[in-house]
Amino acid sequence: MSSPESGVPENHDYDFVGLEPKWQARWEAEKAFRTPDDPAELKAKPKYYILDMFPYPSGAGLHVGHPEGYTATDILARLKRMQGFNVLHPMGWDAFGLPAERAAERENLHPSLITKRNVDNFRRQIRRLGFSYDWEREVDTSDPAYYRWTQWIFLKLHERGLAYLAEVPVNWCPALGTVLANEEVKDGVYVETGDPVERRTMTQWMLRITAYAERLLADLDGLDWPEGIKEMQRHWIGKSDGAEVRFEVEGVPEGFTVFTTRPDTLFGCTYCVLAPEHPLVPRLTAPSAKAAVEAYVREARGKSDLARTELSKEKTGVFSGAMATNPATGEKVPVWIADYVLTGYGTGAIMAVPAHDARDWEFAKRYGLPIRSVVEPATGKAPEGKAFEEEGVAVHSGLLDGLPTAKAKETMGAWLEEKGLGKRRVQYRLRDWLFSRQRYWGEPFPIVHLADKTMAALPVDSLPITLPMIDEYKPTADGRPPLARAPEAWSVRTLPDGRRGTMETNTMPQWAGSCWYYLRYIDPKNARAPWASEAEQYWMPVDLYVGGVEHAVLHLLYARFWHKVLFDCGLVHTREPFQKLFNQGMILAHSYRDARGKYLHPHECEERGGAWVASKTGEAVERQIEKMSKSRYNVVNPDDVIAQYGADSMRLYEMFMGPLEQVKPWQMDGVEGVFRFLARVWRLVVDQKTGMLHGKITPAPASSEPELRKTLHKTVKKVGEDTVELRFNTAISQMMVFVNEATSAKTLPREILESFLRALSPYAPHLAEELWERLGHATLLCKEAWPAFDPALCAEDRATIVVQVNGKVRGRFEALKTLGQEELLRMAKADAAVLPWIQGKKIVKEIVVPGKLVNLVVAG
RNA sequence: GCCAACGUGGUGGAAUUGGUAGACACGCCAGCCUUAGGAGCUGGUGCCGCAAGGUGUGGGGGUUCGAGUCCCCCCGUUGGCACCA
């Protein structure tokens, strides 16, 4: 190791411990990465806005997964600056959230103090990596100066009728004492903690994201995002074309309406189903069925989402005793109540067509309901024993007979509209966004409730509505949110017109602050507006947004929604916030488990004779690659890596591991490898014995080492190209090729070395700055221009020509790339290694690709 | 079940438009240097074979002079969705 503690005092090894803090201090002192604010200065250069998904500052601190994306964006930001762009590259904190509130309870400290402590730790860890953030633009969503504007944007939503209170069935999580958005719940548990969630009806704030469903869907097309993410959002929005159909019910004048995507199968509807929560259920139920229906409804309501999901294999239901009229056939069909019909989708009622819907088929079979086929495949026969769900041709369907499915849908839609029995309709899977939480550590709503049961928005000039000090962060004994504990001085407000009311006690969800932080970075200190329009015009949209795939729907959909509302308010000039999105892959690590399933620390295990064992006991352990987590003892802390190898090695390894988008395992041996590379770069410049410049560095022109010069130009080209394409791993391997060659070269022209250091600097900025200084430069390397390359020097004029016989490589020779076909063919046939394979055989075909290969096809 | 992505040496991974499979690195082997080294340097390293040669990108088939790359089927891994009518 070459750290000063372990080395002899005289040596002049690569001392990252000394030089990294030195350069970080220098960058800070010179404000090297400050992004200009002055509009005139900005206009002189093109802009590049490169954004990281800001972290939630947890108590656990950073792990090596966080800096993966941050390193990638930092390298690109540094490159773009050197290429003459104004770069906006900020960092901040998604600082509201439940964990701080829980820690506050545990430690008896205010959540703001917990948050500050965590933020300080995150900032310290991030700074150690030498990232080129403009720290003067740091934002913190829990800072009143920030959430003032979150509340301000909420008022905009409220003004436009996009925020409303509703009595809705919600996902209540007893363990957390709060509700969760639909998106936060999966299989009946909270996705983050696994705590069970149950259904409750409560009055909640909702945001009308469904009003934007069509635009959120349509505008995806123009975005440079991974196709998979766009597909997930499309699916989440879930647009489907269909029709509403009204069914008459005896004794219930208004009847009920169903939604179907297959109006063409109406003739095959043999029963209907209402969700247990459907409002018509009590009135429609026949006296004879009352007891059974009530029991069923009660049971369904009591089931948690988890139970409903688990029981989904066996469909259950109960006959309501009521009969509805199939509007197409005029037949009476039974109305059933079953929880396989969802209350929140469509109208909460369906027409069941068991012949053409697998779910209805299953239910009909179980309860002995009739099945009537009304669609047949265009060719062949419908499968036996299951529903035929594909498109085909309508049969036994009156006016639809003989029509292909698409045509039949259209015809039925028009017929329903003409007869006043229904209408064509588009349905979205997307639901309105449940926007309130029963927590303390979030933005208070700027809303008061008045004595007359109405409510009013607080005036804009009263913002921010700051959080009150309270003694406990739990809900009250009667189940009201923590803010109900606030003193009257906070909770009772007087409106400008003199009316008095009490503050709303819910708070906003964590997503609120992250919906617009990218806009605040543009103008973070503005006290009069969330951002200046001029700055927004210049910087937006975000050119590149890098973050984890876990935000594919939630954050990215919510932020797009807010952005579109802001667009409609005339506050932003782009329809979409994030033009290009890139997801970095998760970093995994080896974990070790003994026969009893207990996890062991990696340092407690070792390899013996090809098998992994516990060092102490010699007992066999299983070694696997898994997601990093504390409980698996496989978390790698960047602080430890930096202490051992330095920030530059850490940065380089994060990028050298493999393609940024890929999931990949962390391997300490790999860090050692890139560290060795950096040490080689060091020794290229510094004589280890004397600490002076290496003797082989010469003032001679680059042309004095033509081969090395050629490699340099290729390297500069490749590093530049690969970096903007986010292919950092191949850029690094090319730099390794250069260093290997430069190490074995007799002399090293200064001109070549300096170009290389510029190219290296975005990747290993501390080392590059140090060597730049040792070469006699007083100015910062990060302020230098990106090196130019000569395309003529990157092109090889000679190439190895491969000679194949029947597609197999039999020989190879060197030749000019420009050599003609005949000449190549002549040389190939004369090649000694090739001759034995073609002698005495007839050449039936000759393929010549100049600069590449010759393929001779022989017969016999 | 549906949708998407991905399967290349002992390991992480390279490979324009189909044209030398395995760049670069880890590990391993041999040697050199050193009082010493988880240091440095040189060479080797897909597999089988003494060699000539054969074989090889999850499996099977196809297109082509030529396939890691294109097409079809299957298997596996990961992620997302999952009664959305």
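Everything numeric here is computed off the predicted structure, so don't read it as measured data.
In this structure rG7(B) sits in a base pair with rC75(B), meeting the Watson-Crick or G-U test at under 3.5 Å. Under the Watson-Crick and G-U wobble criteria, each requiring two contacts below 3.5 Å, nucleotide rC32(B) is paired to rG40(B). Applying the Watson-Crick and G-U wobble criteria (two distances, each under 3.5 Å), rU69(B) pairs with nothing in any strand. In this structure, rU20(B) makes no Watson-Crick or G-U wobble pair, since no nucleotide meets both defining distances under 3.5 angstrom. For rA14(B), there is no paired nucleotide, since no Watson-Crick or G-U wobble pair has both relevant distances below 3.5 Å. Base pairing annotation: rG1(B) forms a Watson-Crick or G-U wobble pair with rC81(B), both donor-acceptor distances under 3.5 Å. Pair check for rU55(B) finds rG46(B); Watson-Crick or G-U wobble, both atom distances under 3.5 Å.
Nearest-nucleotide mapping onto RNA chain B: of Glu227(A) and Gly670(A), the residue sitting toward the 5' end is Glu227(A). Between Tyr653(A) and Trp837(A), the residue anchored closer to the 5' end of RNA chain B is Tyr653(A), taking for each the nucleotide with the nearest heavy atom.
The CZ-P distance, from Arg810(A) to rC65(B), rounds to 19 Å in whole Å. Nucleotide rC26(B) holds its P atom 12 Å from the CG atom of Leu652(A), rounded to whole Å. Between the CZ atom of Arg429(A) and the C1' atom of rC2(B) there is a distance of 12 Å, given to the nearest Å. A straight line from CD of Glu389(A) to P of rA85(B) spans 11 Å, rounded to a whole angstrom. At whole-Å resolution of the value, CD in Gln662(A) and C1' in rU8(B) are 12 Å apart. Taking atom CD1 of residue Ile625(A) and atom C1' of nucleotide rG10(B), one finds them 13 Å apart after rounding to whole Å. Residue Arg727(A) contributes atom CZ, which lies 13 Å from atom C1' of rA23(B) at whole-angstrom precision. For Asn583(A) and rU78(B), the CG to P distance is 19 Å, given to the nearest whole Å.
Contact annotation for Asp669(A): backbone-only contact, meaning every heavy-atom pair under 4.0 Å involves sugar-phosphate atoms and none involves a base. Looking at heavy-atom distances under 4.0 Å, Thr730(A) makes contact with sugar-phosphate atoms alone, never a base. Pro226(A) comes within 4.0 angstrom of nothing in the nucleic acid, heavy atoms only. Residue contacts shown for Asn806(A) are absent, as no nucleic acid heavy atom lies under 4.0 Å away. Heavy atoms of Gly673(A) sit under 4.0 angstrom from primed sugar atoms or phosphate atoms, though from no base atom.
For the residue pair Glu654(A) and Thr71(A), no side-chain donor N or O sits within less than 3.5 Å of a side-chain acceptor on the partner. Side-chain N/O atoms of Asn634(A) and Tyr592(A) include no donor and acceptor closer than 3.5 Å. Under 3.5 Å, the side chains of Gln427(A) and Ser240(A) contain no donor-acceptor pair of N or O atoms. One side chain, Asp13(A) or Gln688(A), offers a donor N or O that lies under 3.5 Å from an acceptor on the other.
The only member of Arg425(A), Met412(A), Met351(A) that meets side-chain contact (heavy atoms from CB on, under 4.5 Å) when paired with Pro263(A) is Met412(A).
With rU20(B), rG12(B), rA14(B) as the candidates, the nucleotide lying closest to the side chain of Phe656(A) is rG12(B). Checked against rA15(B), rU11(B), rC3(B), the side chain of Glu231(A) finds its nearest nucleotide in rC3(B). Of the listed nucleotides (rU55(B), rU11(B), rC83(B)), rU11(B) has the atom at the smallest distance from the side chain of Gln667(A). Checked against rC65(B), rG13(B), rA14(B), the side chain of Ile847(A) finds its nearest nucleotide in rC65(B). Of the candidate nucleotides rC81(B), rG40(B), rA85(B), rC81(B) has the atom nearest to the side chain of His235(A). Distances were taken from every side-chain heavy atom of Arg676(A) (C-beta onward) to each of rC26(B), rG38(B), rC81(B); the shortest belongs to rC26(B). In this structure, the nucleotide among rG66(B), rC81(B), rG13(B) sitting nearest to the side chain of Asn855(A) is rG66(B). Of the listed nucleotides (rA85(B), rC65(B), rU55(B)), rC65(B) has the atom at the smallest distance from the side chain of Lys845(A). Comparing rG38(B), rG54(B), rC24(B) against the side chain of Asn740(A) picks out rC24(B) as the nearest. When distances run from any side-chain atom of Ile350(A) to the nucleotides rC41(B), rA85(B), rC81(B), the shortest one goes to rA85(B).
For Ser240(A) and rA85(B), the shortest distance from a side-chain N or O to OP1 or OP2 is below 4.0 Å. Applying the 4.0 Å criterion to OP1 and OP2 of rU11(B), one finds that Lys664(A) has every side-chain N and O outside that range. OP1 or OP2 of rC41(B) has at least one side-chain nitrogen or oxygen of Arg683(A) nearer than 4.0 Å. Phosphate contact (OP1/OP2 of rG40(B), side-chain N/O of Arg680(A), threshold under 4.0 Å): absent.
Look at the C1' atom in both rU64(B) and rC81(B): the space between them is 40 Å, to the nearest Å. Distance check on atom C1': rA14(B) versus rC83(B) gives 46 Å, rounded to whole Å. Separation of the P atoms belonging to rG40(B) and rG53(B) is 38 Å when rounded to the nearest angstrom. With P as the reference atom, rC32(B) and rA21(B) are 36 Å apart, rounded to whole Å. Taking the P atoms as reference points, rU69(B) lies 11 Å from rG59(B), given to the whole Å. The same atom, C1', is picked in rA67(B) and in rG60(B); the two are 15 Å apart, to the nearest Å. Only the P atoms considered, rG79(B) is 26 Å distant from rA85(B), to the nearest whole Å. The same atom, C1', is picked in rG27(B) and in rU17(B); the two are 36 Å apart, to the nearest Å.
With respect to Arg234(A) and Asp221(A), a salt bridge is recorded, a charged nitrogen being found less than 4.0 Å from a carboxylate O. Salt-bridge check for Arg262(A) with Asp264(A): passed, with a basic side-chain N closer than 4.0 Å to an acidic carboxylate O. Salt-bridge check for Glu68(A) with Lys664(A): passed, with a basic side-chain N closer than 4.0 Å to an acidic carboxylate O.
Base orientation of rG9(B): syn, since the glycosidic angle falls within 90° of 0.
Here the side chains of Tyr428(A) and Glu214(A) are in contact, with some heavy-atom distance below 4.5 Å.
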